[in-house]
Every structure is written in C-alpha cells, then in structure tokens.
Amino acid sequence: MTAMRVLVCGASIAGLTLAWHLERSGWEVELVERAPAFRDGGYMIDFYGPGYEVARRMGLHDRLEQARYPVTELAYVRRDGRPASRLTMPPEFAEQVVSLPRGDLARAVHDGVRAPVRYGTSVEAVAQDRHGVTVRLTDGTERRVDLLVGADGAHSRVRGLVFDEERPFVRYLGHHVAAYTLTDPELSRRAGDRYEMRTVPGLMAGTYALRGGRLALLFLRREPDPEPPADPRAALLRHYGDMGWILPEALRHCPDPPRLYYDQVTQVHVDEWSRGRVVLLGDACQAVSLFAGHGASLAMAGAWVLADELGAPGDIGDALSRYQGRMRPVVLEVQRFGRRFVRWMAPAERWRIAARDALLRLAGLPGGGRLLVGSLINEGHDLVRSASGAGRG
C-alpha cells in the first residue's frame with residue numbers, strides 16, 4: 001500500500017509534534033518553514049496539562065527535566081526591587097509544571113523528527129480536488145500530497161490562501177509584547193530562581209535568570225493601536241527606562257529585531273479548521289495568546305488529537321471534523337480565560353494592581369498555592385485520552 005503523504009507548513013511545536021506522530025504511523029512527511037533556520041531560545045513558558053502528557057508519551061520527560069528551570073517564587077516588585085507581593089511556589093508546581101524557554105521545548109520535539117525540514121520556504125499556492133492537494137512552494141517546486149497542514153502561526157499563510165476571510169481571524173487584545181535574552185552574570189544572579197515582575201499602570205516587565213549568566217526578559221504594554229512601532233528597541237527604552245528596579249541596566253543590553261521579539265498580543269478565532277484536505281493546526285486556528293498560558297500545551301495536544309483521528313478508520317474529512325470537535329471547545333475556554341487574565345498582567349488602574357497583589361498574598365496562605373496550580377494544569381487534560389481507539393501510546 002502506498003504511504004499517505006502530508007506536507008506540514010510550519011516547523012515549530014505544533015508542526016513538529018504532528019510530524020513526529022504521523023511518521024511513526026507510516027505517513028510520508030515533509031515540513032517547510034519560512035524562518036531561515038531553527039529558532040532556539042524564546043521567552044520562558046510554563047508547560048503543563050495535556051501537552052505535558054503528550055510529551056511524556058513521546059518519551060521526552062527526561063529531556064524536559066534536564067532543560068527545566070526551578071521556579072521557587074513569583075514576586076511583584078517595587079521601584080527599588082523590594083517585593084510588593086510574593087508567592088512561594090508549592091511542591092505541586094515543580095511536580096506538574098515545567099518552566100523552560102519555548103525554543104528548548106521545540107528543540108526537544110525537533111530532535112526526534114526524522115522528516116526533512118526545508119527552511120526559508122513557505123506555501124505559494126494551493127489547489128485541491130477530492131483526491132489530494134497540489135502545493136506550489138515559494139522556491140518554485142510543487143508537491144502532490146494527500147493532506148496539507150497549516151501549522152504556520154497566527155498569521156498563517158495557508159489559512160490566508162485557503163480559508164474565506166469574511167471576518168478577521170486575528171483578534172487584537174489591546175497590548176504589545178516584547179522579549180529578549182541578555183548575558184550579564186550579575187543581573188542574572190540578582191534575579192535568581194524566581195519570576196520577578198514590575199508593573200505600573202499599563203506596563204509590565206518580568207525577568208527570570210537562565211543558565212550561563214543569562215537573563216530572560218518579557219514586556220507587556222497596554223496599547224490601543226495594534227501597529228508595532230517603527231523602532232521597537234527605542235519604544236522599549238522610552239516606555240520602560242524610567243521604571244527603576246534592574247530595568248535601566250537590562251535595557252542597555254536590548255537588541256534590535258530579530259533578536260528582539262516584538263509583536264501584538266492576539267488570539268485567532270476560526271469557525272472551520274479544515275477545508276477539503278487542508279487543515280489548520282496550532283496558532284493558525286487556536287492561538288490563545290501568550291498570557292493565557294496553555295499555548296504550547298494545546299499545540300502539542302492538538303497535534304496528538306489530529307494524528308489520533310487520522311489514524312482511525314474512515315475518511316480524512318471525517319477525521320478532520322472529529323479533530324476540531326475535540327479541540328475547539330477547550331481552545332475557546334482558554335481564550336476566554338486569556339481575555340480576562342491579560343487585564344491583570346499590565347493593569348491600567350492602580351486599584352487593580354493593588355487588588356492583584358492582595359490576591360497573590362492570599363494565594364500564599366495554606367492551601368492557596370494548590371488551588372492556583374490546580375487552576376493552571378487541569379484544563380483540557382482529557383484531550384489525550386483517545387476517542388477513536390487509535391491513540392498513540
């Protein structure tokens with residue numbers, strides 16, 4: 001029997017996870033990625049829930065344990081660096097949440113994928129019939145495949161080519177986000193093994209120390225205009241340079257793009273995740289936003305569910321419909337949480353900052369930490385229980 005062929009557009013966490021599963025099920029897999037090379041590093045994420053279970057089933061537990069960073073405390077600090085509120089993380093956090101740079105998670109999946117990745121390449125045109133999909137790539141070559149997967153992010157090229165845009169798919173959440181990593185052993189030592197954040201109305205800056213004398217920084221700014229600034233580095237210096245704490249020293253290390261990540265905070269809302277033999281995956285159809293959490297977890301869970309359904313008997317179209325039916329309700333719930341939560345990350349009002357600090361102090365009371373961790377890790381956990389009986393084990 002001829003192997004089924006799939007082209008995956010996008011070689012980040014979702015696309016790589018799908019490739020990992022499908023090639024082990026006998027599919028012929030190829031990936032294309034518009035970035036010129038694999039993207040290491042990235043901002044810190046907390047990885048947990050259904051994606052963590054998928055990673056465990058893929059045999060990645062030990063690899064992630066080696067890459068993880070201990071998080072002993074979450075603290076909001078004042079201008080002089082003294083804590084305004086803090087929470088010592090409960091043992092359940094370390095047991096069920098892995099904190100690591102996003103690129104380290106992607107690398108762990110990447111290293112187990114045998115399929116080739118064509119970097120600096122994306123999809124140029126798509127034509128499909130009931131038997132398959134003809135894809136022209138930006139390098140001028142063509143592919144004939146049984147399935148095309150758009151795992152190419154919130155601004156998906158595949159989605160733009162194949163899906164009707166009667167209404168905008170990308171919803172702007174009123175904030176800009178930026179991140180970069182610097183090397184400064186003294187600043188890294190001062191940060192230690194804790195998340196520290198500083199907020200003033202409309203602005204949030206956070207840090208976490210990395211190995212090798214490095215420091216990861218994350219910035220969130222309330223901004224009604226979705227257009228990014230012409231000079232992102234200058235915008236960071238202008239908005240955050242007067243906030244005190246370690247920011248004046250840290251901002252002296254601020255690079256220009258592309259080493260400086262700068263983007264809108266957005267969510268993606270798509271009513272139909274597939275058209276014929278073209279299907280969307282990851283942020284292309286389910287972006288929940290950086291500050292909703294669960295993004296990497298849902299990316300891996302979505303890939304697992306899609307592979308699970310494609311492995312069941314029956315038509316590809318039915319498999320794609322079942323995949324959406326399993327994933328979309330969980331995605332919508334996480335998106336609703338994200339829209340509520342982002343207002344507390346960079347509060348526009350001082351009273352909201354004070355209320356958040358009070359809530360964090362309450363979470364530090366006996367039992368409060370367990371409730372906090374429980375609210376993070378439970379969403380969508382049953383996604384990785386096979387509905388079709390063809391689950392990867």
Side-chain angles (χ1 to χ4, degrees), residues 43-49 52 64-65 68-102 175 177 179 187-210 215-220 243-247 250 265 288-297 334 337-379 381:
Y43 48 82
M44 289 287 291
I45 63 171
D46 292 326
F47 183 57
Y48 46 83
Y52 187 88
L64 297 185
E65 285 297 312
R68 79 181 302 163
Y69 285 86
V71 178
T72 61
E73 186 178 86
L74 171 68
Y76 285 94
V77 300
R78 298 184 175 92
R79 184 182 184 85
D80 61 4
R82 292 183 299 115
S85 61
R86 67 201 323 172
L87 173 66
T88 299
M89 304 308 292
E92 291 87 349
F93 188 88
E95 293 168 2
Q96 302 185 57
V97 180
V98 176
S99 299
L100 76 170
R102 194 176 194 278
H175 293 74
V177 61
L187 287 180
S188 181
R189 183 196 64 77
R190 286 166 60 185
D193 56 354
R194 58 186 174 269
Y195 285 124
E196 286 192 333
M197 287 172 279
R198 168 111 172 99
T199 55
V200 298
L203 297 172
M204 184 280 288
T207 65
Y208 186 79
L210 303 177
L215 187 69
L217 292 104
L218 182 67
F219 302 87
L220 181 67
M243 285 179 61
W245 182 37
I246 65 171
L247 291 176
V265 179
V288 296
S289 86
L290 173 64
F291 296 95
H294 285 86
S297 179
V334 175
F337 169 80
R339 293 193 294 273
R340 295 191 301 267
F341 186 67
V342 72
R343 295 176 296 178
W344 294 93
M345 292 297 295
E349 308 89 0
R350 293 191 181 278
W351 71 263
R352 199 181 290 268
I353 294 175
R356 181 210 58 207
D357 288 343
L359 288 172
L360 194 64
R361 287 190 289 268
L362 286 174
L365 297 176
R370 290 185 176 87
L371 290 175
L372 175 65
V373 174
S375 70
L376 292 175
I377 64 176
N378 290 331
E379 190 66 63
H381 193 76

- Mind checking the CG-CG spacing from Leu187 to Leu215? Nearest 0.5 Å is all I need. 6.0 Å
- Item | Closest contact, heavy atoms only, Ser289 versus Val265 | CB-CG1, 3.9 Å
- Check whether any side-chain heavy atom of Tyr208 sits under 4.5 Å from a side-chain heavy atom of Val71, and report yes or no. yes
- Taking every heavy atom of Pro201 against every heavy atom of Ala348, the minimum-distance pair comes out as CB-O, 3.3 Å
- Task: Output the distance between atom OH (Tyr76) and atom OG (Ser85), rounded to the nearest 0.5 Å.
- Result: 7.0 Å
- Query: Val98 and Leu64: which non-hydrogen atoms are nearest, and at how many Å?
  - Reply: CG1-O, 3.9 Å
- Thr207 OG1 to Arg194 CZ distance, which is reported to the nearest 0.5 Å: 8.0 Å
- Atom pair CZ/CD of Arg86 and Glu73 - distance to nearest 0.5 Å: 4.0 Å
- Do the non-hydrogen side-chain atoms of Leu218 and Tyr195 ever get within less than 4.5 Å of each other? no
- Using the six-membered ring wherever Trp is involved, compare the ring planes of Tyr52 and Phe47 and label them parallel, tilted or perpendicular (cut-offs 30° and 60°). tilted
- Query: Aromatic rings His294 and Tyr48: how do their planes relate, parallel, tilted or perpendicular, breaks at 30° and 60°?
  - Reply: perpendicular
- Message: I'd like to check the side-chain contact (heavy atoms from CB on, under 4.5 Å) partners of Arg198; sequence neighbours left out, ordered by chain and number.
- Response: Val77, Arg79, Val200, Met243, Trp245
- Message: Quick one, Leu210 and Tyr69 - any side-chain contact, counting heavy atoms below 4.5 Å?
- Response: yes
- Could you tell me whether the side chain of Arg78 and the main chain of Pro83 form a donor-acceptor pair under 3.5 Å? yes
- Query: So, do Ile45 and Leu100 sit near enough that their side-chain heavy atoms are less than 4.5 Å apart?
  - Reply: yes
